[in-house]
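Have a look at the structure below, then the notes.
Just so it is clear, the values below take in all heavy atoms, side chains as well, and ignore hydrogens, waters and symmetry mates. Along the sequence shown, the residues carry numbers beginning at 1.
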Amino acid sequence: MTQASATDRETGTLAAIERRVLWLATAIVHQANRVRPNPSGLKVGGHQASCASLVSIMTSLWFRHLRPEDRVSVKPHASPVLHAINYLLGELDEAYLPTLREFGGLQSYPSRAKDPDPVDYSTGSVGIGATAPIWGALARRYLTTRGSSAGTGRQYSLVGDAELDEGAIWEAILDPGVAELGEIVWIVDLNRQSLDRVVPNIAAGRLQGMFDAAGWQVLTLKYGRLLEELFTRPGGAELRARIDAMPNPEYQRLLRCDAAQLRDRLPAGNAALAALVASLDDETLLAAIRNLGGHDLGSLDEVFASISDSRPTVIFCYTVKGRGLPTQGHPQNHSSLLTVAQMEELASSLGTDLASPWEGFASGSPEAVLCTEVASRLRRPDIPSVPSLELPVDIGRTPSGTATTQAALGRVLLDLTREAPEAAKRVVTVSPDVSSTTNLGGWVNKVGVWSATERRDWFEDDPETIMHWREKPTGQHVELGIAETNLVGLLGELGATWSRWGEPLLPIGVMYDPFVERALEPWSFGIYAGGQSILIGTPSGVTLAPEGGAHQSITTPSIGIEQPGCVSYEPAFAIDTEWTLLAALGRLGKPGGTSSYFRLSTRPVDQTLADVPTDPAARERRRRQAVAGAYLLRRASSPAVTLAAMGALVPDTLAAAVRLAQVGVEADVVCVTSPGLLFEALQARSGRGGAESWILDQAFPASRAKPLVTVLDGHPHTLAFLAGINRVPSVALGVTGFGQSGSLEDVYRHHGIDTDAIIRAALDVVS
C-alpha cells in the first residue's frame, strides 16, 4: 500500500492532476458531441456531470492507493475519467481521446472486450458491473485455493448511489459467502442525483444499516476538512445541524447560489449560524458549501487508510454531481453538455486550452514525474499463455435402458474425472441451492463443495444421508443462495480467469430452466465481458407437467438463436447430451471461445430410440452431426413428409412416424440438437456469417426435401425457420400458452404437441 498521508507539496501535485483529469474527462465528451463531425445529427451523448463527481475519488485511488494486483469496476457514466487517467499513465494513445462512442473508438461504458486501454470490469448494465468484483474475488480465491498464482489484491467497485436501487446488488450483498471476502471495497458516489431528478431522500442511514447488517465495514466520508474546521468555530454546530437536516433538493439549490444568495438562504433565521456565515469571505463561503468529503483529497487519504481487509467495506462518499463544472448541482445535469463558451471558461480556470485539449504535463514537472512513477507502480506482469486442455469428444459408452438428459449431465461429469482427470480438475459447477434436484448429487459427492476453509460434515456418519456436503478448499462445486443473478455473475467471472490470470476454468451453472430468463441479462453481460461458461436449464418446458404453468418454460429454446457468443443445445438422448456437453467444454477458456446454454429434461426416454450406429465411423459421423445441430434419426424408404423434433418430444415424433407409415405416409425424422447452429448454417449458405453449412446437406438433404412438421416443447417459432432450408410447406407445433398441471399426456394434448397432433399436422401438410 502506498503511504496514507501526503505532504502539502504532494497534495498540490495531486490536485493539479485532479484538475487535469476533470478537464480531460469533460473534453472527451465535448469532442464527441461538439467537435467531431456528426452528419446524421443523432445524439452522441456522454455524462460530464457524472464524471465530475468521481474525479477526486478516482484520482486519489489511482495515484495514491491502487496496487497492480487490485482491480476496479468503474461506474458506467464515469468511463471518460478512466480513459483520462489511462491517458495520463501512458496506457491510452492520444488518438483515441476524440473517439468516445465512435465506431471502433472508446466505448460508451467501460468494456474489457472493446476498449483499447486497460479495463478491469465491463460495466453499463446497472447493478451488474458493481457486483462483478464480488464474483471476481470469489473466482480468484477459488483459483488460489487450488494452487494457482492468481495472487491477492482488493476488488473495488465505484458505484453511483442511484445504482443501489438495483435488486441484483442486494442479492449479491446478502449471499452468506460474501461477508468473508475482505478484499471487497465499494465506494458509493453519493451525489444524491439520478437521471431525472435530485433524489428527495437518499436514506443514507438506512443503506448504511443494510450493509452493516450484512457484515460489511461501513465508512462514511461526508464533509471535507474545510467544513470540519468550520464546525469547530462558534456557530459551527448549528452549521452542521443545518446541512445535516436540509433535504437533498435544498442542498443542491444552494450549490447554484452566489455568495450573496448563500448568506441569505443558509442561516435560515439562526443567529449563531448567521454570525458564522458573516465572518467568512465570499471565496471561503462558496468553497465551504461544496466541501464534501468525496472531493477532499486529504480526507480520501484518511478513509482509504482505514479500510480493514478482514471483511467487505463500503465507503459512502458524499459528492457533488458536476463538481467543478458550470452545471454542478443542477437537477437536470445528468447528460447535459457544456457549451463552447462554458468549455472555454473551464479551460481557463483549469489552466488548459480548448484548442489543444490533450496537451500533457511539461516534461520534468512534478505532475509528469508522478504520472511516470504511478504508471511504473501499477504495471502488471504479462498474463501467462493459456494452456490447452485435452478433452475427449466421445467417452465411448452407448447408453441403454431408460434415462433422462438431466441425469446424463451428472454421468458425463463423473465420466470426465476418469477419462480426462486433468481437464476435470478445471470443471467447477455452480448452483443456486438446486444441486440435488438437478442431478448433481453424484458429482458433488465425488469432488466436494468448495469453501475457502474446511468445514466439518456433521452428517458424514449418518447412514441415511445420500448426498454428502463436504466443504473444503479442494471442492469443485460452489453453492449459492437462491439468486440466479448471483449464479450467472459468478459464472461470468469464473469464465474469465483464463484472460485475467492465464488459468482457464470450465464453469457450469445449473438452474431451473424457467428462471433462465431471469438470469439471462446478467449472463449475457458476462459473455460480453469475456466470460465463457455453460448455463444449464433443467428441468424444462411443459414436460415438467405436474409443476404447473409457473415452472414451465416456453420461450427459452430460442435463446440459442438470439444470444451472441453462445451455442445452445437441447439434446433428446443421453448420448447426445454427452457429445454436445464435451463439445461445449472444449469451447471454453481460450481466445475465441464461446459460452453454451443447455436445456435438459426430466422425461425418462428409452435410449434405444437413439439408434446409435455400431460402426465406429458411422458413430463418429452421428456425433459430428449432433454437435453441429441435427441428424437424420429415422430414414424412410420413400418419405412424404419430414418431422423435425427437438428434446423431450423426439419419442412422440418417432411414434407418430410409425403410425403415419401404417396409413401409407412415410416420414423422415430429424432430431434437432441446436436450432441456433442450424440457423447460422442457413445464414452462411446465403453468404451471411462465417459458419459452415454442411450440416444442412446432411440433416436436410435437398434430395429428400418434403413438406415439414416441426415440434418442440417450447415456442414453435424456434424451429419454424427450418422450412426455409429447402423452401417447403410447413407446420410448426409448440407451446404458445401458459401450461397447466396434469399428466404428461394431458398437458401435451392440451398444447397440441402430442403424437396425435403431430400426425394430424403431417397429414395436413401433405394433403
Without swapping roles, check the side chain of N33 against the backbone of V29 for a donor-acceptor pair under 3.5 Å.
yes

Is it true that a side-chain atom of N86 and a backbone atom of P118 form a donor plus acceptor pair closer than 3.5 Å?
yes

Min side-chain heavy-atom separation T284-D281 under 4.5 Å:
yes

Set of residues satisfying ring pair (Phe, Tyr, Trp, His ring centres under 6.0 Å) with respect to W62, sequence neighbours excluded
none

Would you tell me whether D70 and H65 have side-chain atoms, one donor and one acceptor, within less than 3.5 Å of each other?
no

Would the distance check show the side chain of Q48 and the main-chain N or O of L338 forming a donor-acceptor pair, the cut-off being under 3.5 Å?
yes

With a 6.0 Å cut-off on ring centres, are Y318 and Y223 close enough?
no

Ring centroid separation for F211 and W170, is it under 6.0 angstrom?
yes

Listed partners of H295 passing ring pair (Phe, Tyr, Trp, His ring centres under 6.0 Å), at least two apart
none

Are the side chain of D120 and the backbone N or O of S73 linked by a donor-acceptor pair below 3.5 Å?
no

Evaluation steps, side chain to side chain contact (heavy atoms under 4.5 Å, CB included), between E484 and E171
CA-CA 9 Å; E484 289 79 11; E171 287 185 357; over 6 Å; no

Beyond-backbone contact of E228 with R240, side-chain heavy atoms, under 4.5 angstrom:
yes

Polar side-chain atom of T26 near backbone of L22 as donor-acceptor pair, under 3.5 Å:
yes

For a 4.5 angstrom cut-off between non-hydrogen side-chain atoms, does R140 reach Q155?
yes

Should D115 and H83 count as side-chain neighbours, where that means a heavy-atom distance under 4.5 Å?
yes

Taking the side chain as everything from C-beta on, heavy atoms only, tell me whether Y142 gets closer than 4.5 Å to P473.
no

If we only count heavy atoms from C-beta on, is the M511 to L487 side-chain gap below 4.5 Å?
yes

Donor-acceptor pair, side chain of T131 and main chain of G127, under 3.5 angstrom:
yes

Plane angle bin for W186 and W216 - parallel if under 30°, tilted between 30 and 60°, otherwise perpendicular:
perpendicular

Could you tell me whether the side chain of Y156 reaches within less than 4.5 Å of the side chain of R71, counting heavy atoms only?
no

With distance as the sole test, does E471 use its side chain to make a donor-acceptor pair with the main-chain N or O of R455 at under 3.5 Å?
no

Which residues satisfy the side-chain hydrogen bond (donor to acceptor under 3.5 Å, both in side chains) test with Q563, sequence neighbours excluded?
S524

Trace of the side chain to side chain contact (heavy atoms under 4.5 Å, CB included) decision for V74 with Y121
CA-CA 7 Å; V74 178; Y121 288 99; over 6 Å; no

Should we say atom NZ of K114 is surrounded by more than 12 heavy atoms from elsewhere, each under 6.0 Å from it?
no

Taking A483's backbone N and O only, do any of them form a donor-acceptor pair with R518's side chain (distance below 3.5 Å, no angle check)?
no

Counting C-beta onward and ignoring hydrogens, is there a side-chain heavy-atom pair between N291 and D296 closer than 4.5 Å?
yes

Does K75 reach the main-chain N or O of V126 with its side chain, forming a donor-acceptor pair under 3.5 Å?
no

Can you tell me if S53 uses its side chain to pair, donor with acceptor, with the backbone of T319 under 3.5 Å?
no

